[in-house]
Amino acid sequence: MTQGPQGRPLLNRRLAAFGTTIFAEMSALAARTGSINLGQGFPDTDGPEEVREAAVRALRAGHGNQYPPGSGVPELRTAIAEHQQRWYGLTYDPDTEVLVTTGATEAVAAALLALLEPGDEVIALEPYYDSYAACIAMAGGSRVPVTLRPHEDGYALDLDELRAAVTPRTRLILLNTPHNPTGTVLTRAELAAVAALACERDLLVVTDEVYEHLVFEGEHIPLASFPGMRERTVTVSSAGKTFSFTGWKVGWITASQDLVAAVRSVKQFLTYVSGGPLQYAVAEALRLPDGYFDDLRADLRTKRDLLSSGLAEAGFGVFRPAGTYFVTTDIRPLGGGRDGFAFCRELPGRCGVVAIPNAVFYDHRDQGAPFVRFAFCKRTDVLAEAVSRLKSLSAH
Ligand code: PMP
Ligand code: GLN
């Protein structure tokens, strides 16, 4: 790290260890080598045309071109509240219990900065999405990973381990279901156990549910729907995954009035407000008929199957994901060792494909070493080409 004035590093020591995110590193590698990018999770086709048109209309009509309200435009807050009611039967007041954010990333950051005191412990499911660790560090908290254990069919949460991880210093559980990068969808029984633990130990929960509509097996059940949870849960979601507009960065939280007020206190000094015109378009997107959501899921299920079976044929161990648009693989059956980092750095040169080493999502790096994540939110022809390239790995 560059030394600055007074001989001190410029980046503060809370963040010094984080470096550049793996997503930026791997997307740059894909661009440099002209590889197929199955690393960073973004679709290679845009979301619905009518939603794009709604954004254009809003811009032209001058809706949201000046600072919108700090909580988000009323049209979007109402649509978010309606969405929670329509899909989950959860009632939130659009005026006091919904907050629009700049993507789920800001929602998680603002929630952690609002709810943590320095020294508070945060339990996160490992492997965890990379911004969690950085945001816990920014808030001065300390993370306590509970490792999801791989088995034949996928990954499982060890509820005894979760229970044992709670200490008198635990302030909150940071949950993510459907889970990136493993594709695990927590079951009703697992969620009920998390909820019971949170109530028993009087913990807050921030639950990142950005993949709520990308569930292929089982069902997505919001943690906030369990008894005693509405008052202690901040639910995070985003338009990025559900509507295939990851560049729009429109996210939100739903929570009780007090929790929203706390998170808003931070959000107002992070970004003040989030970009206006796209909020109107996302309001329309959230009201799309069920058919849109069904088609999205069906399309991604087909792509999941295409990539998962292709990876298995190419010699990878495959953990079939129940949700998200990622598939985690085990590289050990390929016979080249267990170093996912080295594997991902070499993969473009070997066959022109980019993937993400899951180890970056672990504190216990060794636990994640042999696992590599591939994204399947790509056109079918792109996935087919990637599979044919990956099959060449075992030919040499
Ligand atoms: N949480 C998880 C689990 C994610 O995979 C992502 C991916 N983008 C985000 C949060 C961030 O969402 P956004 O782009 O809306 O900030
Ligand atoms: N959520 C996406 C992923 O996991 C990308 C997010 C990002 O680039 N920060 O790949």
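The figures here come from the full heavy-atom set of this structure, side chains too, leaving out hydrogens, waters and symmetry mates. Start at 1 and go down the list; that is how both ligands and their atoms are numbered. What you are looking at is a predicted structure, and each value in this text was computed from that prediction instead of being measured.
Contacts between Phe42 and ligand 2 below 4.0 angstrom, taking non-hydrogen atoms only, are absent altogether. At a heavy-atom cutoff of 4.0 Å, ligand 1 is contacted by both the backbone and the side chain of Thr105. Contact annotation for Ser238 and ligand 1: only side-chain heavy atoms (C-beta onward) come within less than 4.0 Å of the ligand. Only side-chain heavy atoms of Asn176 come within less than 4.0 Å of ligand 1; its backbone N, CA, C and O stay farther off. Contacts of Arg373 with ligand 2, taken as heavy-atom pairs under 4.0 Å, involve the side chain alone. Contact annotation for Asn180 and ligand 2: only side-chain heavy atoms (C-beta onward) come within less than 4.0 Å of the ligand.
Distance check: Arg230 CZ to Thr235 OG1 gives 9.5 Å after rounding to the nearest 0.5 Å. A distance of 12.0 Å separates CD in Gln40 from CD in Glu25, rounded to the nearest 0.5 Å.
Residues in residues 317-331 take part in these salt bridge (Lys or Arg N to Asp or Glu O under 4.0 Å) pairs, two or more places apart or across chains: Asp305-Arg320, Asp330-Arg332.
Using a 4.0 Å cut-off to heavy atoms of Phe326, the atoms of ligand 2 that qualify are 3 (C), 4 (O), 10 (O). Set against the non-hydrogen atoms of Lys241, the atoms of ligand 2 under 4.0 Å away are 1 (N), 2 (C). Short contacts between ligand 2 and Tyr129, defined as distances under 4.0 Å to a heavy atom of the residue, involve ligand atoms 1 (N), 4 (O), 6 (C), 7 (C), 9 (N). The contact set between ligand 1 and Asn180, taken as ligand atoms under 4.0 Å from a residue heavy atom, comprises 3 (C), 4 (C), 5 (O). Here is the list of ligand 1 atoms found below 4.0 Å of a heavy atom in Lys241: 6 (C), 7 (C), 8 (N). Listed by atom number, the atoms of ligand 1 under 4.0 Å from Tyr211 heavy atoms are 3 (C), 4 (C), 5 (O), 7 (C). Each of the following atoms of ligand 2 lies closer than 4.0 Å to a heavy atom of Tyr211: 1 (N). Atom numbering of ligand 2 starts at 1 in the shown order; those under 4.0 Å from a heavy atom of Gln40 are 5 (C), 7 (C), 8 (O), 10 (O).
Under the ring-ring contact (aromatic ring centres under 6.0 Å, His included) criterion, His213 pairs with His83, Trp87, Phe293, sequence neighbours left out.
The shell of residues lying under 4.0 angstrom from ligand 2, judged by heavy atoms, excludes Tyr325. Assignment of His179 to the shell around ligand 1 is not supported, since no heavy atom sits closer than 4.0 Å.
Salt bridge Lys241/Glu212: absent, no basic N to carboxylate O contact under 4.0 Å. Glu117 and Arg171 are not joined by a salt bridge, as no carboxylate oxygen comes within less than 4.0 angstrom of a charged side-chain nitrogen. With respect to Glu385 and Lys378, no salt bridge is recorded, no charged nitrogen being found less than 4.0 Å from a carboxylate O. Glu284 and Arg287 are not joined by a salt bridge, as no carboxylate oxygen comes within less than 4.0 angstrom of a charged side-chain nitrogen. Between Arg297 and Asp294 there is a salt bridge, with a side-chain nitrogen of the basic residue lying less than 4.0 Å from a carboxylate oxygen of the acidic one. Between Arg338 and Asp366 there is a salt bridge, since at least one side-chain N of the basic residue sits less than 4.0 Å from a carboxylate O of the acidic one.
Not less than 6.0 angstrom separates the ring centroid of Phe371 from the ring centroid of Tyr362.
Atom 14 (O) of ligand 1 has Lys249 NZ, 3.1 Å as its closest protein atom, hydrogens excluded (heavy atom only). Ranking the protein heavy atoms by distance from atom 10 (C) of ligand 1 puts Asp208 OD2, 3.4 Å first. Closest protein heavy atom to atom 12 (O) of ligand 1: Ala104 CB, 3.5 Å.
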